[in-house]
Amino acid sequence: MIMSVVSDKSKRHRVVIVGAGFGGLSVVKSLRGADVDITLIDQRNHHLFQPLLYQVATASLAPSEIAWPIRSMVRHRRDVTTILAAVRGVDTTARTVLLADGEQVPYGSLILATGARHGYFGHDEWEAWAPGLKTIEDATAIRGRMLAAFEEAERETDPNRQQALLTFAIVGAGPTGVELAGTIADLAHDTLPRDFRVINTHRTRVLLVEAGQKVLNGYTDRLSSYAKRALEKLGVEISLGKPVTNIEDGAITFGNQRVAAKTIIWAAGVRASPAAEWLKVAADRNGRMLVEPDLSVPGYPDIFGIGDTVSVGAPDGSAVPGIAPAAKQEGIFVGHTIRRRLAGDETQTCFRYRHQGSLAQIGKRKAVADFGWISLRGSSAWWLWGIAHIYFLVGVRARLSVVLNWLWIYTGNQRAARLITTPIGETPLD
């Protein structure tokens, strides 16, 4: 029997938020004190600080340092009910969210902040050999695959296979790809050499493959060129203007070159959640819903989309980037819109994105920062990058723990989170 998991006794306006990422939690925060009941639905029980997820994948941080239980984050908000469940659709006629277990959640206003997964440009079969990085599960799987490659190389006697095990290919030279490449190079050249007796980890080959003509597309040419030089100084091999044409077990092909690489990481395209399919509305080529200027879904004024779920235009005609600050701004905007409507103000306002700057780390001592009116590079940008990320972490414990880990890495080249949590016979190396 299909039942509602939310009581209908309350006469207050019911706001349902699907997704407890940056956007969804910003809606919750902006509705503090409003005359509403909030239901927050997520298929995971934790909020993830995704900008530092690559550091879990590269053994710099533990998952608990960048993820926090959702219930603990909203425990002081008696107006918020949390549901751990997967969503399979929306019934716009009955005004309910349909859960995978058959239950329904009624809504007065609905916010879809369901995020995105990695997209393979029509080659979904590549995912088996080139995992992407969006969840804690992704990060720990990549960490295990990467560390297991070094372990297997230590025992490998065939030189060609050993080099394939010591070759790491990253597809996509955006911030995630650049940060992964730099950190893997640091790990191989600074952290691991003293831990192995047979292999020379300085022989590790890190490839960064980009179909475009520059790394960090969206940054200024000056910062992009600096990032490229800094990566190359770390030993990263960069291939530009050569799209990947094939990925298979143990090899990647780009341009006319086929390279044997046992570990391949996808940091290129993304694919939005199926929210547009739930509502049967228009979407862009990456599956992101096309929304109205006030972030409502066309034809459904009480349904909003935010974050990676939607495609939104910036005032200058460009697309609003799929980054945490944008999702937060959209969440705050939607929260204020709901408040105004409850007060009787039906005036439609337009979302205006305010770019607060872009930051990307290159290895453990360098970064680039682009704020439009000023840009920084090198160690000064690295310190700014670190301070900014520490500021946005949740809780004093997490901030202290991350600071101590970074100091340990910076001063001693040690990464304490080098754990393979899957038995070696079950790692995705075979």
Do the side chain of [X] and the main chain of [Y] share a donor and acceptor less than 3.5 angstrom apart?
| X | Y | answer |
| --- | --- | --- |
| Arg377 | Leu223 | no |
| Glu210 | Ala173 | yes |
| Trp266 | Gly119 | yes |
| Arg143 | Leu419 | yes |
| Tyr219 | Ser225 | no |
| Arg71 | Thr82 | yes |
| Gln55 | Leu52 | no |
| Asp101 | Glu103 | yes |
| Arg399 | Tyr391 | yes |
| Trp68 | Val394 | yes |

Aromatic ring proximity, centroids under 6.0 angstrom, [Y] and [X]:
| X | Y | value |
| --- | --- | --- |
| Phe22 | His47 | yes |
| Tyr353 | Phe333 | no |
| His118 | Tyr120 | yes |

Q. Heavy-atom count around Asp158 CG within 6.0 Å, excluding the residue itself: above 12?
A.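 It does: Asp158 CG has more than 12 such atoms within range.
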How many angstroms lie between [atom1] in [X] and [atom2] in [Y], if you round to the nearest 0.5 Å?
| X | Y | atom1 | atom2 | value |
| --- | --- | --- | --- | --- |
| Ile170 | Ile265 | CD1 | CD1 | 5.5 Å |
| Asn200 | Arg197 | CG | CZ | 13.0 Å |
| Ile247 | Phe254 | CD1 | CZ | 11.0 Å |
| Leu112 | Ser273 | CG | OG | 7.5 Å |
| Glu248 | Glu125 | CD | CD | 11.5 Å |
| Leu48 | Ile136 | CG | CD1 | 5.0 Å |

What pair of heavy atoms forms the shortest contact from [X] to [Y], and how long is it?
| X | Y | answer |
| --- | --- | --- |
| Gly24 | Ala113 | N-CB, 3.9 Å |
| Ala227 | Leu216 | CB-CD1, 3.7 Å |
| Thr183 | Gln361 | OG1-OE1, 4.3 Å |
| Leu133 | Tyr54 | CD2-CA, 3.5 Å |
| Ala369 | Leu359 | CB-CD2, 3.2 Å |
| Gly287 | Ala276 | O-CB, 4.0 Å |

Applying side-chain contact (heavy atoms from CB on, under 4.5 Å) to Ile362 and Tyr226, what does each step give before you reach the verdict?
CA-CA 10 Å; Ile362 309 165; Tyr226 172 80; 4.2 Å; yes
Does any part of the side chain of [Y], heavy atoms only, come nearer than 4.5 Å to the side chain of [X], both counted from C-beta?
| X | Y | value |
| --- | --- | --- |
| Val312 | Glu330 | yes |
| Lys328 | Gln356 | no |
| Val27 | Phe304 | no |
| Leu31 | Arg339 | yes |
| Trp385 | Glu179 | yes |
| Gln329 | Val320 | no |
| Val291 | Phe351 | no |
| Ile111 | Ile338 | yes |

Derivation of the salt bridge (charged side-chain N to carboxylate O under 4.0 Å, His left out) call for Lys228 and Glu232: CA-CA 6 Å; Lys228 182 174 182 293; Glu232 289 172 337; 2.7 Å; yes
| Is it true that Arg44 and Glu137 make a salt bridge, defined as a side-chain N closer than 4.0 Å to a carboxylate O? |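 Salt bridge: yes.
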Check: Between Asp138 and Lys134, is the closest basic N to carboxylate O distance under 4.0 Å?
Finding: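 Salt bridge between Lys134 and Asp138, a charged N being under 4.0 Å from a carboxylate O: no.
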Original post:
Judged by modelled atom types alone, do Arg340 and Thr349 share a side-chain donor-acceptor pair under 3.5 Å?
Top reply: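 Judged by distance alone, the side chains do pair up.
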Report task. Return yes if a side-chain donor-acceptor contact under 3.5 Å exists between Asp221 and Ser224, otherwise no. Result ->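 Result is no, nothing qualifies.
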Show, in sequence, the C-alpha distance, side-chain angles and deciding distance for Thr309 and Thr114, and conclude whether the side chain to side chain donor-acceptor pair (under 3.5 Å) test is met.
CA-CA 6 Å; Thr309 308; Thr114 46; 3.1 Å; yes
Assess whether side-chain contact (heavy atoms from CB on, under 4.5 Å) is satisfied between Trp382 and Leu376, documenting all intermediate values. CA-CA 9 Å; Trp382 183 82; Leu376 299 172; over 6 Å; no
Item checked: Stepwise side-chain contact (heavy atoms from CB on, under 4.5 Å) test for Leu99 and Val87 -> CA-CA 4 Å; Leu99 304 185; Val87 172; 3.9 Å; yes
Stepwise side-chain contact (heavy atoms from CB on, under 4.5 Å) test for Thr191 and Arg418
CA-CA 10 Å; Thr191 303; Arg418 301 201 314 272; 3.4 Å; yes
